[in-house]
**Q** 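Please see the structure below; I have some questions.
Side chains included, hydrogens not; waters and symmetry mates left out as well; all remaining heavy atoms used. Here, residue 1 is the first one in the sequence, and each next residue gets the next number. What you see is a predicted model, and the numbers here were worked out from it, not measured in a lab. Atoms within each ligand, like the ligands themselves, are counted from 1 in listed order.
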Amino acid sequence: MRIVVASDHAGVDLRLAMAEEAAELGHEVVDLGPAPGEPIDYPINGAKVGRLVASGDFDRGLLVCGTGVGISIAANKIAGVRAVVCSEPYSAIMSRAHNDANVLALGARVVGDGLARQIVREWLATDFEGGRHARRVELISELDHS
Ligand code: RB5
């Protein structure tokens, strides 16, 4: 898959690890930064990644900020984005299987490197189940226009 990755200044180290993990799994990864030491407010990169995923330029997005919360809220403002913040693998798996989540946000101050890599691996490997869940995701998509 084509995966776009970004963070704010609080998420740089974990973002680099997430980009590395996704690349090692064979995905094509584009990293929007920021560079270490470069301050950037999380809504800027949350929206950037959201737009690139919603437009279809990328299949999935990975975001990191201090908690994963602010950057996921920003991404979810873009129509077509279903961003989730996860700090354990079960929710990450279910967010793909039931919610067809297309952006995963992680909190650099919440999860360690090993757990974050596991969450990313499971999230990238899990397919949307469709079926009854497709109707529910469609109902979410309708909210983009409300
Ligand atoms: C930055 O200090 C912090 O507020 C940000 O990384 C994030 O946690 C916001 O949700």
Side-chain angles (χ1 to χ4, degrees), residues 1-128 133 136-146:
M1 288 187 288
R2 275 174 59 74
I3 297 176
V4 59
V5 179
S7 70
D8 71 354
H9 45 274
V12 170
D13 289 348
L14 192 64
R15 185 199 81 234
L16 293 171
M18 298 306 92
E20 180 186 86
E21 189 67 28
E24 279 175 13
L25 291 167
H27 298 289
E28 186 185 334
V29 178
V30 173
D31 188 343
L32 304 183
E38 182 192 338
I40 181 165
D41 291 328
Y42 59 80
I44 294 169
N45 274 350
K48 235 179 226 177
V49 164
R51 288 197 179 96
L52 289 167
V53 172
S55 68
D57 289 348
F58 288 85
D59 302 300
R60 305 269 187 91
L62 294 175
L63 290 170
V64 186
C65 69
T67 57
V69 172
I71 207 159
S72 62
I73 291 173
N76 273 320
K77 294 292 180 186
I78 308 299
V81 170
R82 289 178 298 282
V84 289
V85 53
C86 295
S87 46
E88 35 71 34
Y90 179 76
S91 300
I93 291 167
M94 297 310 283
S95 79
R96 286 289 313 132
H98 287 190
N99 314 116
D100 200 14
N102 50 14
V103 174
L104 172 66
L106 295 164
R109 297 171 183 155
V110 181
V111 292
D113 182 282
L115 179 57
R117 285 175 187 266
Q118 184 186 355
I119 291 168
V120 167
R121 279 199 303 275
E122 308 261 21
W123 189 77
L124 291 175
T126 305
D127 290 327
F128 179 48
H133 303 296
R136 294 161 184 167
V137 171
E138 186 52 39
L139 288 169
I140 293 173
S141 298
E142 285 173 16
L143 298 173
D144 284 337
H145 313 292
S146 68

**Q** Is any side-chain N of the basic residue among Asp57 and Arg2 closer than 4.0 Å to the acidic one's carboxylate O?
**A**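 No, this pair does not count.
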
**Q** Do Arg15 side-chain atoms and Val5 backbone N/O form a donor-acceptor pair below 3.5 Å?
**A**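 No, the answer is negative, given that no donor and acceptor are paired below the 3.5 Å cut-off.
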
**Q** Could you tell me, atom by atom, which parts of ligand 1 come under 4.0 Å of a heavy atom of Gly66?
**A**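 Numbered from 1, ligand 1 contributes 5 (C), 6 (O), 7 (C), 8 (O).
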
**Q** Enumerate, atom names and distances included, each donor-acceptor pair closer than 3.5 Å involving a side-chain atom of residues 118-125, sequence neighbours excluded.
**A**
unit_1 : atom_1 : unit_2 : atom_2 : d
Arg121 : NH1    : Glu21  : OE2    : 3.0
Trp123 : NE1    : Ser95  : OG     : 3.2

**Q** Would you check if Phe58 and Val30 make a side-chain contact, meaning some heavy-atom pair closer than 4.5 Å?
**A** yes

**Q** I need the contact type for Asp8 against ligand 1. Using non-hydrogen atoms and a strict under-4.0 Å cut-off, is it side chain, backbone, both or neither?
**A**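 The answer is the side chain of Asp8.
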
**Q** Is there at least one pair of N or O atoms, one from Gly70 and one from ligand 1, spaced under 3.5 Å apart?
**A**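 Between Gly70 and ligand 1 (N or O atoms, distance only) the closest approach is under 3.5 Å.
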
**Q** Before giving the answer on side chain to side chain donor-acceptor pair (under 3.5 Å), spell out for Arg96 and Thr126 the whole-Å C-alpha distance, their side-chain angles and the decisive distance to 0.1 Å.
**A** CA-CA 6 Å; Arg96 286 289 313 132; Thr126 305; over 6 Å; no

**Q** Can you tell me the protein heavy atom closest to atom 3 (C) of ligand 1 and the distance?
**A**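 Result for atom 3 (C) of ligand 1: Arg109 NH1, 3.9 Å.
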
**Q** For atom 4 (O) of ligand 1, what's the nearest protein heavy atom and its distance?
**A**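 In this structure, atom 4 (O) of ligand 1 has Tyr42 CE2, 4.3 Å as its nearest protein heavy atom.
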
**Q** Has ligand 1 got any nitrogen or oxygen that is less than 3.5 angstrom from a nitrogen or oxygen of His9?
**A**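 Not met; the criterion fails.
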
**Q** Counting non-hydrogen protein atoms only, what is the nearest one to atom 8 (O) of ligand 1? Give residue, atom name and distance.
**A** Thr67 N, 3.0 Å

**Q** So which heavy atom on Pro34 is nearest to which on Ser7, and how close?
**A**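 Closest pair (atom of Pro34, atom of Ser7, distance): CD-O, 3.2 Å.
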
**Q** Which atoms from ligand 1 have a heavy atom of Ala10 less than 4.0 Å away?
**A** 6 (O)

**Q** Number the atoms of ligand 1 from 1 as they appear, then name those within less than 4.0 Å of a heavy atom of Cys65, with their elements.
**A** 6 (O), 7 (C), 8 (O), 9 (C), 10 (O)

**Q** Would you please say whether a donor-acceptor pair under 3.5 Å links the side chains of Ser141 and Glu138?
**A**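 Result is no, nothing qualifies.
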
